[in-house]
Amino acid sequence: MNGPAAGLELRDVVAGYGGQPILHSISFSVQPGERLVVVGPNGSGKSTLMKTVVGLLRPMSGAVRLGGADVTALGAPARAALGLAYIPQETNIFRNMTVLENLHVGYEFVAPSKGPTFSERLEAVLGLFPEIRVKLRSTAGHLSGGQRQMVAMAAALMPKPTVLALDEPSAGLSPRNAGLLFEVIGRVAASGVTMLIVEQNTQLGLGAADQGIVLVNGHVRLAAPAMTVRTDPEIRRLYLGGV
Ligand SMILES: Nc1ncnc2c1ncn2[C@@H]1O[C@H](COP(=O)(O)OP(=O)(O)OP(=O)(O)O)[C@@H](O)[C@H]1O
Ligand SMILES: [Mg+2]
């Protein structure tokens, strides 16, 4: 294989807790700039997969590769320094700080010794999130759920990551705000960031993705172009609650 290195790749990953596997031989690759959405029933292992990707959970076997480099042995901070940003489902902003302070923390988190300055990154990120430019001095905790999720994404993008991992970005949002958030996710993807997204709203998530994976009981039940997953009648009936 002589193609470009995948943005993110898992090979035969087995992972779980206390020696008990939850994920069974998971393999996939996301090409640079692509969006892969993972869907599946509650408890199927989606967040466990996310934790394994970002380095919070060490796999029992298998490999995680980032931009072609094997990062399996690295913890979360080292993976972040290599360009992997992670937004957990909850507690993903500092609510008592202003939006601008949150963006500072996001920038300093990876502490780039060289590369773009804070001001340069701020302008680039606000270009993707004009909605929060007018909120920079606001206390982050006073924003709406959708705005807070945008602040979390903006802060994660401040160090200029190459891969962004999002766990349930639309959780708790109204359908309208979830739709707006996925518009922003589209803008971020168009800027060249590779994305791995776990999403409960399967139609919205798969509608915004290149590839889709259906995870059931820790197994990849289907991996296909997102549109194929979205319209597969059996998968919709069994796992996605489709009509
Ligand atoms: N820290 C933990 N220790 C032990 N077991 C865990 C831990 N976290 C999750 N599990 C178990 O792993 C399985 C998968 O959980 P996980 O959170 O990955 O599912 P999920 O697909 O993200 O579910 P949801 O859609 O509800 O967020 C569940 O059986 C859960 O009980
Ligand atoms: Mg989860």
Side-chain angles (χ1 to χ4, degrees), residues 8-28 30 35-64 71-72 74-77 79-80 84-93 145-146 148-149 152-153 156 163-175 177-179 181-182 185 194-209 211-224 226 229-230 232 234-243:
L8 175 69
E9 186 175 4
L10 263 62
R11 280 194 202 155
D12 299 321
V13 164
V14 177
Y17 308 93
Q20 293 298 316
I22 297 285
L23 300 176
H24 306 277
S25 197
I26 306 289
S27 297
F28 62 74
V30 197
R35 275 165 289 176
L36 170 66
V37 166
V38 180
V39 298
N42 293 124
S44 58
K46 304 183 297 297
S47 292
T48 302
L49 174 64
M50 206 56 123
K51 286 184 258 179
T52 310
V53 164
V54 301
L56 293 173
L57 193 61
R58 209 55 65 83
M60 295 149 86
S61 61
V64 180
V71 298
T72 317
L74 302 181
R79 292 188 200 184
L84 175 58
Y86 168 51
I87 306 180
Q89 180 179 336
E90 287 164 356
T91 329
N92 55 23
I93 57 165
R148 288 200 304 272
Q149 199 57 263
M153 278 192 10
V163 179
L164 182 59
L166 291 163
D167 196 351
E168 312 259 2
S170 80
L173 299 186
S174 66
N177 279 339
L181 184 74
F182 267 87
I185 286 173
T194 307
M195 290 198 189
L196 175 67
I197 306 170
V198 164
E199 180 54 53
Q200 290 275 357
N201 186 329
T202 54
Q203 292 303 310
L204 192 58
L206 289 166
Q211 291 187 69
I213 280 184
V214 182
L215 196 64
V216 181
N217 287 331
H219 294 271
V220 174
R221 183 62 180 253
L222 177 68
V229 177
R230 200 179 178 204
D232 183 294
E234 183 70 0
I235 291 293
R236 288 187 67 172
R237 187 176 66 77
L238 286 175
Y239 306 116
L240 306 184
V243 287

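Counting starts at 1 for both ligands and their atoms, following the listed order.
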Quiz item: Say you draw a straight line from CD1 of Ile185 to CE of Met153; how long is it, rounded to the nearest 0.5 Å?
Solution: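 These two atoms lie 5.0 Å from each other.
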
Quiz item: Can you tell me how far the NE2 atom of His219 sits from the OG atom of Ser44, to the nearest 0.5 Å?
Solution: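 Answer rounded to 0.5 Å: 11.5 Å.
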
Quiz item: Looking only at atom types and distance, does a side-chain atom of Lys46 sit under 3.5 Å from a main-chain N or O of Ile197, one as donor and one as acceptor?
Solution: no

Quiz item: Can you check whether Ala208's main-chain N or O pairs, donor with acceptor, with Arg35's side chain at less than 3.5 Å?
Solution: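 Yes; at least one donor-acceptor contact below 3.5 Å.
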
Exercise. Return yes when at least one N/O/S atom of Ser47 is nearer than 2.8 Å to the Mg ion (ligand 2), and no when none is.
Key: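 Yes.
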
Quiz item: Checking side chain to side chain contact (heavy atoms under 4.5 Å, CB included) against Val220, which of Val38, Leu49, Ile26 comes through?
Solution: Ile26

Self-check item: Reference residue Val13; test side chain to side chain contact (heavy atoms under 4.5 Å, CB included); the match among Ser61, Pro59, Pro21
Solution: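 Testing each of Ser61, Pro59, Pro21 against Val13, the sole residue satisfying side chain to side chain contact (heavy atoms under 4.5 Å, CB included) is Pro59.
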
Quiz prompt | Set of residues that line ligand 1, where lining means a heavy atom lies under 4.0 Å from it | solution =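 If the criterion is a heavy atom under 4.0 Å, then ligand 1 touches Tyr17, Ile22, Pro41, Asn42, Gly43, Ser44, Gly45, Lys46, Ser47, Thr48, Lys51, Glu168, Gln200.
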
